[in-house]
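First up is the structure itself, then whatever we jot down about it.
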Amino acid sequence: MDYNFREIEKKWQSYWAEHQTFKATEAPSRPKYYVLDMFPYPSGAGLHVGHPLGYIASDIYSRYKRLCGFNVLHPMGYDAFGLPAEQYAIQTGQHPAVTTEKNIARYREQLDRIGFSYDWSREIRTCDPEYYKWTQWAFLKMFGSYYDNSRQAARPIEELIASFEKSGTDGIDAACGEEKHFTAAQWNAMSDKEKSDVLMNYRIAYQGETSVNWCPQLGTVLANDEVKEGYSVRGGFPVEQKKMTQWQLRVSAYAGRLLDDLDDLEWTDSLKDMQRNWIGRSYGAEMIFKAYNGDREYDMVIFTTRADTVFGVTFMVLAPESEWVARLTSPEQKQAVDDYLAEVKKKTERERISETHRVTGVFSGSWAVNPLTGEKVPVWISEYVLAGYGTGAIMAVPAHDSRDYAFARHFNLPIVPLIEGCDVSETSFDAKEGIMCNSGFLNGMTVREAIPAAIDYVEKHGIGRRKVNYRLRDAIFSRQRYWGEPFPVYFKDGIATPMPFESLPLELPEIDEYKPTETGEPPLGRAKDWDVDGWPIEKSTMPGFAGSSAYYLRYMDPHNGSALVSREADSYWRNVDLYIGGTEHATGHLIYSRFWNKFLYDLGYVCEKEPFKKLINQGMIQGRSNFVYRIVGTNRFVSYGLKDGYETTEIHVDVNIVHNDRLDIEAFRKWRPEFADAEFILEDGEYVCGYAIEKMSKSMYNVVNPDMVCDTYGADTLRLYEMFLGPLEQSKPWDTKGIDGVSRFLKRVWRMFYGRDGLIVTDDRPSAEELKTLHRLILKVKTDIESFSFNTAVSAFMIAVNELYEHKCSKREILEPLVILLSPFAPHISEELWEALGHNESVTFASFPEYVEAYTVEDSCTYAVSFNGKTRFTVDLPKTMPQCDVESHVRSLEQTSKYVAGGNIIKVIVVPGKIVNIVVK
RNA sequence: GCGGAUGUGGCGAAAUGGUAGACGCGCCACUUUGAGGGGGUGGUGGGAGUUUUCCUGUGCGAGUUCGAGUCUCGCCAUCCGCACCA
């Protein structure tokens, strides 16, 4: 009886579907475990062999947790709104919903073949109105909330309105765009429009003018994480900065909590660091500098982290976009400043980035006064100061800041050193160390002492205050696109007005074309009846991250029509215990999701303040491309080893017609018409291809499709091999030729059960040796799964099976636990063998076998360690020590004895895993 | 420039501070058969020696230790993230 994986896999996949084996139900008496994959965007290209890596890992873990008695929630769905389907729609006129539907069907088919234990009854799609109803709901909640800084929580906007009515802005500490001051009387006298404008300044979802990333080719704005090096992440089109009014989310209000709460998460340090970096907290001070433009004096506020260096301020710098530029430009300098601003504005984002270290700037014509020295310093304008950070204005201390230094050098401004013995003749001294000098009351202090001392002084004299600044900006939340969630907001007399909850979902309207309108409006401008009682509805749609921000909550209660998630479901499933996905979402989805969750937490809709407890980033699987070498000007191809003798061009060749780097010549001739009559110069009768490790992509012809692997080797082999390739978190190349190893392993497992004439399993008692192999395996597999070291777990299986197979061990007592151990990795074959052993329930419901610790230590628990033929000392070993530990302990003790003891060791006391004491006389 | 990660055979990779290279691929030899990417056995870091064996070896250089692939410090290389954030 051969291992017929095709039949077996089909059989068990339909069995699982029919019996809803993996359906999860809330069961308060049982411990829960929530395992989540980052849901895919269903692209037209389908899955390649790299995509399921994380899914396989999470599936193994889910199945393992089930065997350990947990009630496991392991759902899957689709991030179905997005640009590619829409771009395709623009080109073909096909509705994005149709394309998306088709792609999802294909994804599902591919996923099903791999044998995942998803609870498909909980599937969600972000483009489904029943789903995006709750995305819109969350938006309305954010629109209807503000952030109370003193309570560090989101609160209903009604509370803010009530206190405006009572006492104006007095006592308000709320996150806002710009600080406002008014009395209750002033508030009450405002028109509805004025009130609306004021409230926009506080809402968590708000409309505001800001400098945005505008991508002309895509016709939409993009969030910071959707732009890389001046190009859009999707499509790679150039992006420019533009001032526009957009919907935004006040993510910045949560910056402190987003940063602090990272500490309790089980994420990798590198990922946490990426987020810390992105959020970018710095402690410093705001300081007031008096600035004169000739006829008026202003209080200009700047932010600095180096309050200790105020005595070294020799000039001030404004960002070109700063509102101070207009105020402080003197009539004499007006022309020069205007010219400079025009020059800066002309530059694309791309140019700004590439010219990062070119010094540019212009003098404003105004002067500011150093609040500590009373000295007059010039105010300059330069693009090296960013409008969006701090106050858009800085005090420049060229001696101790390299950027200020470069600027001072370029424009010949004075440089005053403030730290004893530092040399600023060539470069600035940026380090926060040394003894202060030239600094009045700070002289003699170390920098570390001087910073707080300077801030204290400034606070006491009312010229500044402590301030924490964040790099994290608010998220731009509107996109001028069709294929996204519509905003449930209309504009009544120009006032943004939320639609009632009961009217949700606000469904995407049908439109004739998916392009922007002729007047430059977003595609929804084409929709008919896109209004509420004649008032226009918002025409932008929400960005991709809207739908993916709370999807993990919806899985807990996917069919609930009256809440995002019921209190019962939420308090049972709580949050994601294990989240597996790529590192590319570090500063996008993983920030937004945390923000979204915290917002819902503040309002009491969810019970956990973090969405994802443990997170693992699986590595990328790269492609292994193959090349053929065409001799220039001919249709002759020379084998890799001989190519140096010719002038050749390297051509990518489809890896599916190459085996072990040997080209299938016939298949190659059929591959493309121009190769039909290709000739070959062979070595040893074969055509050897070159290879390279590259990204897996269609254009490199190195895409390996999981369906093909399932066809030739089976899903179980695919699963095992993907794990066997190397550590989960590491990037590694896919190379199909290595798959034979795991394929052989599974066949060998099969042959332990089946001989030529059928089942050969016996009820014989296993030997001590066989039991030892089994128990060592149990221990290894358990610890490896728990530490996500799946590659070594697979190796351990191979070693154990080799040993058992060698002894022709087909004993039930060994095989039964072996099947259970194997089932998370290779579920189909495990089910089949489990059934062969006479069980009529899925192996899913078995329990993970315990290993017997005491087993392996032999009769005596005292080991004699000898050296140079003489017994040197004895080791007491507790009976519960596994054999493998004993061996390594004795070995290390033997080594130790050579040096430490010289014969004097009396006794070594050992406990499992640790040497406790060595007694030496 | 800042931050993080990685560096071990021909390849993917293993090694609680204790015999480096487990396991798998590939390769070599033998073997078996109903030889269509079959099953089994043995070998395989480099160098030397017909056997027992010896020397050498984890990017480079120091250090800690009886003992370092592993810990510490300094370089070098590769990859990733951020990048005028005051």
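Relative to the ring axis of A/Trp278, A/Arg594 does not place its NZ or CZ within 45° and under 6.0 Å from the centre.
Distances were taken from every side-chain heavy atom of A/Thr792 (C-beta onward) to each of B/C23, B/A83, B/A14; the shortest belongs to B/A14. When each of B/C23, B/A86, B/C82 is scored by its nearest atom to the side-chain atoms of A/Thr305, the top-ranked nucleotide is B/A86. Taking every side-chain heavy atom of A/Thr304 into account, B/A86 is the closest of B/C23, B/A86, B/G12. Comparing B/A22, B/C82, B/A13 by their nearest atom to the side chain of A/Arg471 picks out B/C82. For A/Glu383, whose side chain is taken as the heavy atoms from C-beta onward, the closest listed nucleotide among B/G12, B/A86, B/C84 is B/C84.
Applying the 4.0 Å criterion to OP1 and OP2 of B/A14, one finds that A/Asn791 has a side-chain N or O inside that range. Remark: A/Ser282 is in phosphate contact with B/A86, judged by side-chain N or O atoms under 4.0 Å from OP1 or OP2. Within the structure, every side-chain polar atom (N or O) of A/Asn617 is placed at least 4.0 Å from both OP1 and OP2 of B/C80. A sub-4.0 Å separation between OP1 or OP2 of B/A86 and a side-chain N or O of A/Tyr389 is present.
Each of A/Gly392 and A/Ser795 lies near RNA chain B, and the nucleotide nearest A/Ser795 is the one positioned closer to the 5' end. Each of A/Ile739 and A/Asp735 lies near RNA chain B, and the nucleotide nearest A/Asp735 is the one positioned closer to the 5' end.
When ring centroids are compared, A/Tyr691 and A/Phe627 stay outside the 6.0 Å threshold.
The CE atom of A/Met798 sits 17 Å away from the P atom of B/G12 (whole-angstrom rounding). As rounded to whole Å, 17 Å separates atom P of B/C11 from atom CG of A/Asn626. Atom OH in A/Tyr691 sits roughly 18 Å away from atom P in B/C25 (whole-Å rounding). Atom CD in A/Glu729 sits roughly 18 Å away from atom P in B/C80 (whole-Å rounding). Regarding A/Arg624, its CZ atom lies at a distance of 10 Å from the C1' atom of B/G26, rounded to whole Å. The CH2-C1' distance, from A/Trp380 to B/C84, rounds to 18 Å in whole Å. If you measure from atom CD1 of A/Ile693 to atom C1' of B/G12, you get 10 Å, rounded to the nearest angstrom. A straight line from CG of A/Asp784 to P of B/A13 spans 17 Å, rounded to a whole angstrom.
Comparing B/U19 with B/G69, their C1' atoms sit 14 Å apart, to the nearest whole Å. For the C1' atoms, the distance linking B/A20 with B/G74 amounts to 26 Å, nearest Å. The separation of B/U16 from B/U6, taken at their C1' atoms, amounts to 22 Å, rounded to a whole angstrom. The same atom, P, is picked in B/C60 and in B/G10; the two are 14 Å apart, to the nearest Å. When the P atom is compared between B/A22 and B/A77, the two are found 32 Å apart, to the nearest whole Å. Comparing B/C73 with B/G24, their C1' atoms sit 37 Å apart, to the nearest whole Å. The C1' atoms of B/G26 and B/G81 are separated by 36 Å, rounded to the nearest whole Å. Rounded to whole Å, the separation between the P atoms of B/G9 and B/C28 comes to 22 Å.
For the pair A/Tyr754 and A/Asp2, the minimum side-chain heavy-atom distance is 4.5 Å or more. Counting only heavy atoms from C-beta outward, the side chains of A/Thr304 and A/Ile394 never approach each other to under 4.5 Å. A 4.5 Å side-chain heavy-atom check between A/Leu318 and A/Val385 finds every atom pair outside the cut-off.
Looking at A/Asn617, its side chain does come within 3.5 Å of a backbone N or O of A/Gly581 through a donor-acceptor pair.
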Walk me through it: do A/Arg751 and A/Tyr805 pass the test side-chain hydrogen bond (donor to acceptor under 3.5 Å, both in side chains)?
-> CA-CA 9 Å; A/Arg751 282 201 303 272; A/Tyr805 187 76; 3.0 Å; yes
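Partners of A/Asn4 by side chain to side chain contact (heavy atoms under 4.5 Å, CB included), not counting sequence neighbours, listed by chain and number: A/Arg6, A/Glu7. The salt bridge (Lys or Arg N to Asp or Glu O under 4.0 Å) check on A/Lys782 picks up nothing, with sequence neighbours excluded.
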Secondary-structure string, 5' to 3', Watson-Crick or G-U under 3.5 Å, | for another-strand partners, for RNA chain B | (((((((..(((.....[....)))(((((((.....)))))))((((....))))..(((((..]....))))))))))))....
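Ring planes of A/Trp380 and A/Phe411: tilted class, angle from 30 to 60°. Relative orientation of the A/Tyr384 and A/Phe407 rings is tilted, given thresholds of 30° and 60° on the angle between their planes. Ring planes of A/Phe745 and A/Phe797: tilted class, angle from 30 to 60°.
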With the criterion being N/O to N/O and under 3.5 Å, what pairs connect the protein with nucleotides 3-8 of chain B, and how long is each?
none

Identify all pairs in which a protein N or O lies below 3.5 Å from an N or O of nucleotides 34-36 of chain B, and state each distance.
none

Sort me out a list of protein N/O and nucleotides 38-42 of chain B N/O pairs below 3.5 Å, or just none if empty.
| from | atom 1 | to | atom 2 | distance (Å) |
| --- | --- | --- | --- | --- |
| B/G39 | O3' | A/Arg751 | NH2 | 3.3 |
| B/G40 | OP1 | A/Arg748 | NE | 3.4 |
| B/G40 | OP1 | A/Arg748 | NH2 | 2.9 |
| B/G40 | OP1 | A/Arg751 | NH2 | 3.2 |

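The pair A/Lys272-A/Asp269 does not meet the salt-bridge criterion, since no charged nitrogen lies less than 4.0 angstrom from a carboxylate oxygen. The pair A/Asp404-A/Arg306 does not count as a salt bridge, with every side-chain nitrogen at least 4.0 angstrom from each carboxylate oxygen.
With its glycosidic angle within 90° of 0, B/G9 is assigned syn.
In this model, a donor atom of one side chain and an acceptor atom of the other lie less than 3.5 Å apart for A/Thr792 and A/Ser789.
Residue contacts for A/Ile394: at a heavy-atom cut-off of 4.0 Å it reaches a base atom on one of the strands shown.
If you run side chain to side chain contact (heavy atoms under 4.5 Å, CB included) between A/Leu418 and each of A/Val397, A/Asp308, A/Val424, only A/Val397 comes through.
Counting all heavy atoms, side chain and backbone alike, A/Thr305 lies closest to A/Ser282 at CG2-CB, 3.9 Å.
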